[in-house]
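Because the structure is predicted, anything quoted here is derived from the model rather than measured. In what follows, chains are A, B, ... by sequence order, proteins preceding strands, each numbered from 1.
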Amino acid sequence: MPELPEVETVRRGLKDLITSRTVASIKSDNPKSFPNSPVDVKKFLIGATIQDINRRAKVLLIYLSTDYALVIHLKMTGQLVFIGEKRFGAGHPTDSLIGRLPDRSTRVTITFTDSSRLYFNDQRKFGWMWLLPIAEVPNIDFMKKVGPEPLEADFSAKQFAARFTQRANTIIKAVLLDQTVVAGIGNIYADESLWSAKIHPGRLVKTITPKEFTTLYKKLRLIMNLAIEKGGSTDRNYVTAEGKKGSYLEFAQVFRREGLPCRRCQTTIIKFKCAGRGTHICPNCQVL
DNA sequence: CACTTGACCTGTCCGC
DNA sequence: TGCGGACAGGTCAAGT
């Protein structure tokens, strides 16, 4: 579930909540969730201050004062939830979480010197958190291969379309989901943008016209920006850094709307398997 | 080589 | 009510 808009929402929340806090200790239940050596952790994480938080594709980068970074992928069920203390006062959103965490999905707990905490929860244990030198971040496989950020101001419709043309004989949905083509798109926003552009997800890239690519580009950016505004999409697990749900699914046109009428033409939305994923379309608006 | 499928995990939901 | 099985979605490895 965490796609670009969800990870960006978490980034903004964390930037506000943990910047300038200093790490006092870290607890991890599972070497898969946090595989770093205790020596590295002691030297470069304990005592480090949070400087800044960036995002690349669906990956979060927490920069530390030690020139190391925590690199985090939430995969499907990951959460990063902050629980604070008096600094915020009564009524702060994170107050309501006190006592609820840790729970059985908690994989990593970072405690700051003021006793506030950041919990990395991940029901399905697919996510991970790495500690590595900031200078090495661009050299990890994922960063070397990942495509451009779709919401950057200088990312044009022309560039968008050009990234697809090398994949002429692949279905459009598979290419949209490919992180090396364009970064950050997952199942929800692939379905939503294809419906919005009236493109059937099973169409081969070579059958899609330049005009359709331009529409898809515009719709994708519109939808992702709106999703960020709404705090992302909460289907099951995803929550913001304050532990709140995102509300974008209230605005969704096809995702999880199987059996409901298309908001454009009233035809019943159907769900089927495409590119190995559950896929939602309006069979009238989106044809092969 | 390009593309598709399976594995990784756990919780939830559906049908019998 | 209990149980098996399908399903959820991101990415990488393995298979076609």
Asks: Kindly indicate, with the supporting measurements, whether the criterion side-chain contact (heavy atoms from CB on, under 4.5 Å) is fulfilled by A/Val181 and A/Leu176.
Replies: CA-CA 7 Å; A/Val181 176; A/Leu176 270 177; over 6 Å; no
Asks: Looking across every strand, which nucleic acid part, if any, lies under 4.0 Å from A/Lys273 by heavy atom: base, sugar-phosphate, or nothing?
Replies: nothing
Asks: Does a nitrogen or oxygen in the side chain of A/Gln179 sit under 4.0 Å from OP1 or OP2 of C/dG10?
Replies: no
Asks: Determine whether the aromatic ring centres of residues A/His73 and A/Phe120 are separated by less than 6.0 angstrom.
Replies: no
Asks: Would you say the side-chain atoms of A/Arg21 and A/Ser116 include a donor-acceptor pair closer than 3.5 Å?
Replies: yes
Asks: Who passes salt bridge (charged side-chain N to carboxylate O under 4.0 Å, His left out) against A/Lys173, sequence neighbours left out?
Replies: A/Asp191
Asks: How long is the line joining NZ of A/Lys145 and P of C/dT11, in whole Å?
Replies: 11 Å
Asks: Map every base of DNA chain B to its dot-bracket character, where paired means a Watson-Crick or G-U wobble contact with both distances under 3.5 Å and | marks a partner outside the strand.
Replies: .|||||||.|||||||
Asks: Could you tell me the boundaries of the chain A footprint on DNA chain B, defined by atoms under 4.0 Å from its heavy atoms?
Replies: B/dC3 to B/dT12
Asks: Are side-chain N/O atoms of A/Tyr238 and A/Thr77 paired as donor and acceptor at under 3.5 Å?
Replies: no
Asks: Could you state the CG-C1' distance from A/Asp178 to C/dA13, rounded to the nearest angstrom?
Replies: 15 Å
Asks: Starting at atom CG of A/Asn187, determine the distance to atom P of C/dT11, rounded to an integer number of angstrom.
Replies: 12 Å
Asks: Decide side-chain hydrogen bond (donor to acceptor under 3.5 Å, both in side chains) for A/Ser233 and A/Tyr189; before the verdict, give the C-alpha distance in whole Å, the side-chain angles of both, and the deciding distance to 0.1 Å.
Replies: CA-CA 10 Å; A/Ser233 298; A/Tyr189 302 105; 2.7 Å; yes
Asks: Provide, to the nearest angstrom, the distance between the CD atom belonging to A/Gln79 and the C1' atom belonging to C/dG10.
Replies: 16 Å
Asks: Please say whether the positively charged group of A/Arg264, taken as NZ for Lys or CZ for Arg, lies over the ring of A/Trp195, i.e. under 6.0 angstrom from the six-membered ring centre and within 45 degrees of the axis.
Replies: yes
Asks: C/dA14 and B/dC9: how far apart are their P atoms, nearest whole angstrom?
Replies: 15 Å
Asks: Taking the P atom of each, how far is B/dC1 from C/dT11, in whole Å?
Replies: 24 Å
Asks: By salt bridge (charged side-chain N to carboxylate O under 4.0 Å, His left out), which residues pair with A/Arg107, not counting sequence neighbours?
Replies: A/Asp29
Asks: To the nearest angstrom, how far is A/Phe126 atom CZ from C/dA13 atom C1'?
Replies: 14 Å
Asks: I'd like to check the side chain to side chain donor-acceptor pair (under 3.5 Å) partners of A/Asp178; sequence neighbours left out, ordered by chain and number.
Replies: A/Arg167, A/Thr180
Asks: Please report, rounded to the nearest Å, how far the P atom of C/dA8 is from the CG atom of A/Leu249.
Replies: 15 Å
Asks: Give me the residues of residues 159-177 of chain A where at least one heavy atom lies under 4.0 Å from an atom of DNA chain B, by number, or none.
Replies: A/Arg167, A/Thr170
Asks: Does OP1 or OP2 of C/dT11 have a side-chain N or O of A/His73 closer than 4.0 Å?
Replies: yes
Asks: Nearest heavy-atom pair of A/Pro201 and A/Gln286: which atoms, and what distance?
Replies: CD-NE2, 4.0 Å
Asks: Could you check how far CD1 of A/Ile72 sits from C1' of C/dG10, rounded to whole Å?
Replies: 16 Å
Asks: Would you call A/Lys15-A/Asp52 a salt bridge at under 4.0 Å N-O?
Replies: yes
Asks: Quickly work out the A/Glu6 CD to C/dG10 C1' distance and round it to whole Å.
Replies: 12 Å
Asks: Heavy atoms under 4.0 Å, any strand shown: does A/Gly276 hit a base, just sugar-phosphate, or nothing?
Replies: nothing
Asks: For A/Arg104, answer base if it contacts any base atom (sugar-phosphate contacts may also be present), sugar-phosphate if it contacts only those atoms, and nothing otherwise; contact means non-hydrogen atoms under 4.0 Å.
Replies: sugar-phosphate
Asks: Please confirm whether A/Phe160 and A/Phe164 have ring centers closer than 6.0 angstrom.
Replies: yes
